[in-house]
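Here the structure comes first, spelled out in structure tokens, and everything after it is commentary.
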Number of protein chains: 2
Amino acid sequence: MTLDAVARRAGVSLATASRALNGTTRVREDLRSRVRAAADQLGYIPNAHAQALASASNNTVGLICHDVGDPYFAAIAAGVMRAAAEKDLLVMLASTFREPAREIAYVSTLRAQRARAILLIGSGFQDRTWERALAAELEPYVRAGGRVAVVSRHRSLRVDAVLPENRGGASALARALLDLGHREFAVLTGPPSLTTVSDRLAGFRDELARAGVTLAPERIVRGPFTREGGYTAARALLARGERPTCVFAVTDVMAVGALAAFRERGVRVPEDISLAGFDDIPLVRELSPPLTTVALPLTAMGQEVMALALREPRGPRSRVLRMGGEVVLRASVAPPPPRPARADGGAH
Amino acid sequence: MTLDAVARRAGVSLATASRALNGTTRVREDLRSRVRAAADQLGYIPNAHAQALASASNNTVGLICHDVGDPYFAAIAAGVMRAAAEKDLLVMLASTFREPAREIAYVSTLRAQRARAILLIGSGFQDRTWERALAAELEPYVRAGGRVAVVSRHRSLRVDAVLPENRGGASALARALLDLGHREFAVLTGPPSLTTVSDRLAGFRDELARAGVTLAPERIVRGPFTREGGYTAARALLARGERPTCVFAVTDVMAVGALAAFRERGVRVPEDISLAGFDDIPLVRELSPPLTTVALPLTAMGQEVMALALREPRGPRSRVLRMGGEVVLRASVAPPPPRPARADGGAH
DNA sequence: GCGCTTTCTGAAAGCGTTTTCTCGCAGAGG
DNA sequence: CCTCTGCGAGAAAACGCTTTCAGAAAGCGC
């Protein structure tokens with residue numbers, strides 16, 4: 001099953017067998033077909049490791065995300081896979097399960113694999129130390145010719161990036177909600193140091209401010225970027241006695257959790273509270289009610305980040321591709337209810 | 001950045017450097033720490049290809065599924081990733097996008113990578129020829145020590161498998177629907193040659209038959225295993241003038257499509273038609289209305305299939321692990337409406 | 001103090017390819 | 001007829017590691 005065996009069976013030298021199969025140089029046609037036949041008969045499968053070692057190159061790329069089970073990452077990953085299939089690349093997938101240490105370990109592993117490119121999907125971690133350690137791991141990789149590209153990553157990494165239109169999208173969403181007549185807002189948000197969070201929050205808040213509406217701090221509830229995070233955040237909001245007319249969850253996944261919490265508490269959406277998310281993950285339009293959100297072309301973003309990683313860099317500047325950000329109005333938002341009786345929190 | 005450089009810098013031989021870093025043999029402590037220090041200073045990262053080549057082993061496994069973007073596969077993949085992280089394995093992910101040729105090509109690629117194990121997720125393809133070609137590709141791999149394990153695969157492959165309780169689950173679902181009083185059923189189904197499809201269909205139909213209820217052929221509509229497939233199948237059903245009181249979609253993803261079609265046509269679920277799915281993918285409980293389905297522990301299945309692949313085979317028999325199959329009743333089903341006026345198809 | 005184990009280290013032989021480098025040979029040009 | 005090109009094939013040198021095989025050093029009993 002080695003090339004040597006194939007060569008011997010075909011009655012040619014090792015070198016010729018290699019050339020015949022790879023087509024790197026001209027080989028006499030009869031020899032080539034003899035080699036091909038021998039390889040077929042022996043069921044020869046080249047050893048990718050030997051090839052990689054000898055040729056100092058390979059066809060693998062690494063993809064690091066928080067959790068493939070999350071529809072957001074799954075959709076982006078699907079786009080990456082599509083692009084990889086087209087370019088005949090093999091994707092090594094790594095899920096960090098949101099543990100910073102694991103992320104850095106994976107980068108190291110992918111370096112050891114001599115992956116052509118490393119794709120980082122999703123916001124970085126809060127901890128500045130980790131971000132620095134990550135950069136330290138990435139820098140020699142890039143210097144050695146490796147490519148790095150990210151989707152919505154911390155800005156401290158100077159690499160090519162696909163950036164969701166977080167700020168603009170959130171602003172547009174706020175605009176749309178204001179236009180419906182809302183003035184009382186609450187936000188369900190994630191870890192504050194993530195750019196994804198701060199951008200969306202800033203965009204939303206700025207647009208409100210422009211309309212003279214302020215967002216009270218007690219109406220900003222934090223939680224992890226998960227369904228549970230949205231659920232508990234929404235419950236916390238209600239428990240505080242807050243009754244905004246409109247809630248913005250910074251991700252659709254959190255919005256799903258919030259929806260469940262509202263339903264559980266008998267709060268009707270959108271009659272009592274309007275709810276909006278961000279990302280437009282699949283299935284979100286099938287919810288009850290269909291969720292208003294800011295659309296991100298997730299699969300296309302996956303394809304683009306791969307393309308970005310593969311494209312020859314033309315200068316020292318990192319390229320940035322902004323995508324998405326369009327508001328998709330669905331039934332989960334409606335004009336605010338007419339002057340609800342103020343639900344007072346305490347008995348002052 | 002080669003081990004040779006590290007060894008030189010530490011003032012030891014190549015062999016000692018290797019042993020010091022891998023800990024395969026005892027190495028004097030001062031030498032070991034000198035090697036470690038040298039490796040650190042040089043930012044040494046071992047070349048996984050060279051290691052794999054020299055040691056004839058590596059830590060990668062291959063995962064082949066139809067589409068990571070599909071929540072069903074995403075959830076299973078998440079389980080596989082979890083198991084892989086625990087065992088320190090790197091996962092090479094391949095999406096076939098439902099093209100048989102691509103699947104076989106990926107197996108070949110993974111063979112070339114000398115992956116420790118190959119995991120095949122999802123039903124096989126209709127075409128008997130492809131299934132045979134796949135087996136032919138897998139057989140020498142297994143003989144060479146490779147491990148193969150599958151989730152819900154065609155039985156013609158004699159490999160370890162995690163099998164969803166398709167038949168039993170569908171039967172139980174039918175039982176539950178009959179108990180609610182339904183007698184007029186329709187089924188939205190996938191490609192008939194897939195065991196997933198035939199098992200679910202058989203389990204459902206058998207249970208109906210046991211209750212003396214027959215499933216008319218014109219009430220079985222086929223389509224691909226996608227949201228669109230469910231959507232068009234449901235539309236086709238309605239267009240034929242069929243008005244069953246209960247529809248069973250063989251996958252949740254198809255059920256989601258059906259739900260959209262029903263909504264579009266003004267058919268209320270569950271008031272006019274009850275709807276049930278299969279798989280219990282995430283988010284399906286958040287639908288409008290929440291979907292009744294048969295639960296499969298998808299993430300656990302992913303972990304188990306990895307475990308199965310890694311476990312030392314104890315005999316020639318392939319192991320089979322049946323999982324899931326419990327009915328989850330949610331609001332998408334209800335007792336049938338009281339004797340609806342028969343919507344007649346033609347004017348006989 | 002001598003031989004016998006027992007550790008530990010180093011030299012060197014692979015692992016399975018790709019890729020020079022060399023050389024034979026045929027055809028072209030003088 | 002002889003030399004010069006150029007094409008195609010083979011020998012052999014990497015590629016960066018692990019691991020076997022010896023050998024040196026050290027520990028031990030007698």
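Labels below follow one simple rule: chain letters A, B, ... track the order of the sequence lines, proteins then strands, and each chain is numbered from 1. Owing to the predicted nature of the structure, the values given are computational and were not obtained by experimental measurement.
- Judged by distance alone, with hydrogens and angles left aside, R114(B) brings no side-chain donor or acceptor close enough to the base of dG16(C) to form a pair under 3.5 Å.
- Rounded to whole Å, the distance from NE2 on H49(A) to P on dC17(D) is 14 Å.
- If you measure from atom CG of L3(B) to atom C1' of dT19(D), you get 13 Å, rounded to the nearest angstrom.
- When atom types are taken as modelled, the side chain of S55(A) and the backbone of Q51(A) share a donor-acceptor pair closer than 3.5 angstrom.
- Minimum atom distance to the side chain of T24(B) is reached by dT19(D), of the listed dG16(D), dT19(D), dT17(C).
- Checking dT19(C), dT18(D), dG10(C) against the side-chain heavy atoms of S55(A) singles out dT19(C) as nearest.
- The listed nucleotides are dC17(D), dT18(C), dA11(C); the one nearest the side chain of S18(A) is dT18(C).
- Between the side chain of D160(B) and the backbone N or O of A309(B) there is no donor-acceptor pair closer than 3.5 Å.
- Between N22(B) atom CG and dT19(D) atom P there is a gap of 8 Å when expressed in whole angstrom units.
- Separating the CG atom of L14(A) from the P atom of dA14(D) is a distance of 16 Å, rounded to the nearest angstrom.
- Open room surrounds CZ on R158(B); 12 or fewer heavy atoms of other groups in view lie less than 6.0 Å from it.
- N47(A) has no side-chain polar atom (N or O) that falls below the 4.0 Å cut-off from OP1 or OP2 of dC15(C).
- Spacing between atom CZ of R32(A) and atom P of dG8(D) amounts to 10 Å, rounded to whole angstrom units.
- Residues L163(A) and L321(A) have side chains not in contact (no heavy-atom distance under 4.5 Å, counting atoms from C-beta outward).
- Side chain of V27(B), nearest nucleotide from dT17(C), dT19(C), dT9(C): dT9(C).
- The minimum heavy-atom distance linking Q113(A) with N58(A) is given by the pair O-ND2, 3.3 Å.
- Listed candidates were dG10(D), dC15(C), dT18(C). Nearest to the side chain of L53(B) is dC15(C).
- With dT18(D), dA11(C), dT17(C) as the candidates, the nucleotide lying closest to the side chain of S13(B) is dA11(C).
- Across all strands, A15(A) comes closer than 4.0 Å to base atoms (heavy-atom distances).
- Between the P atom of dA9(D) and the CZ atom of R34(A) lies a distance of 10 Å, rounded to the nearest Å.
- Residue T2(A) has its side chain nearest to dG16(C) when only dT19(C), dT9(C), dG16(C) are considered.
- If you measure from atom CG of L31(A) to atom P of dA9(D), you get 5 Å, rounded to the nearest angstrom.
- For the pair Q113(B) CD and dC15(C) P, the computed distance is 20 Å after rounding to whole Å.
- For R28(B), whose side chain is taken as the heavy atoms from C-beta onward, the closest listed nucleotide among dT19(D), dC17(D), dC8(C) is dC8(C).
- For the pair R19(B) and M1(B), nearest-nucleotide mapping onto DNA chain D gives the more 5' position to M1(B).
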